[in-house]
Amino acid sequence: MTKRYWLMKSEPEEFSIDALAKVKVEPWSGVRNYQARNYMRDGMRVGDGILFYHSNCPEPGVVGLAEVASLAHPDPTQFDPRSDYHDPASRPEEPRWLLVDVRFKRKLARTITLDELKAQADELGDFALIRRGNRLSVLPVTRAQWDFILALE
DNA sequence: GCCAACGTTGGC
DNA sequence: GCCAACGTTGGC
């Protein structure tokens, strides 16, 4: 089966690439967007490549590599009333939100910044990350984009 | 099913 | 902290 590639955003103040390096595997809780959920549920398979992206920070960009470590399964935080991600409308017998486990691979030698990626828009082709107004936190990356971005490292 | 109001994301 | 973009909610 062909390996697929993804980009996943995280705010470094919430959960950084260094935090992932420390714990090794992290359940990617808190995704509350249907399109992002559908990518995890319908698209992701164990072993797929992940570009780890820092958002909402001084230098937004790709900072590391990870891989999909599990198929999608229910996100327990949706049922936890004390969690920021609690969703009272979701029922355990029919969970609305899913997550995958994400395994650390390596940190990049440097940050491939959003600015750089925007500057290379022609070479990257259609890429959800640099589309105007993009807010998706989980998005697909083509093999060509993956190779191109890593060649910038 | 439309759409105004509202909430969130995320770059700057 | 501002605000553009966009998703969701809920009244009608």
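Remember, predicted model here, so these are calculated numbers, not experimental data.
Between A:Arg96 and A:Asp87, at least one side-chain nitrogen of the basic residue sits less than 4.0 Å from a carboxylate oxygen of the acidic one, meeting the salt-bridge criterion.
For the pair A:Arg106 and A:Leu108, the minimum side-chain heavy-atom distance is below 4.5 Å.
A distance of 9.5 Å separates NE2 in A:His73 from CE in A:Met40, rounded to the nearest 0.5 Å. Once rounded to the nearest 0.5 Å, the distance linking CG of A:Leu136 with OH of A:Tyr34 reads 14.5 Å. Atoms CG and CE, from A:Leu71 and A:Met44 in turn, are 11.0 Å apart once rounded to the nearest 0.5 Å.
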From CA spacing to verdict: side chain to side chain contact (heavy atoms under 4.5 Å, CB included), A:Leu150, A:Ile112: CA-CA 8 Å; A:Leu150 289 186; A:Ile112 312 297; over 6 Å; no
Sub-3.5 Å pairs of nitrogen or oxygen atoms, protein against nucleotides 6-11 of chain B:
unit_1	atom_1	unit_2	atom_2	d
B:dT8	O2	A:Arg135	NH1	3.0
B:dT9	O3'	A:Arg135	O	3.4
B:dG10	OP1	A:Lys9	NZ	3.0
B:dG10	OP1	A:Arg135	O	2.9
B:dG11	OP1	A:Tyr53	OH	2.7
B:dG11	OP2	A:Asn56	N	2.8

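Among residue pairs with one or both ends in residues 133-144 of chain A, those qualifying as side-chain hydrogen bond (donor to acceptor under 3.5 Å, both in side chains) are A:Thr142-A:Gln145, A:Arg143-A:Asp147; sequence neighbours excluded.
In the model, A:Asp75 has a side-chain atom that pairs as donor or acceptor with a side-chain atom of A:Thr77 under 3.5 Å.
OP1 or OP2 of C:dA4 has not a single side-chain nitrogen or oxygen of A:Arg132 nearer than 4.0 Å.
The stretch residues 88-96 of chain A does not touch DNA chain B, since none of its heavy atoms comes less than 4.0 Å from the strand.
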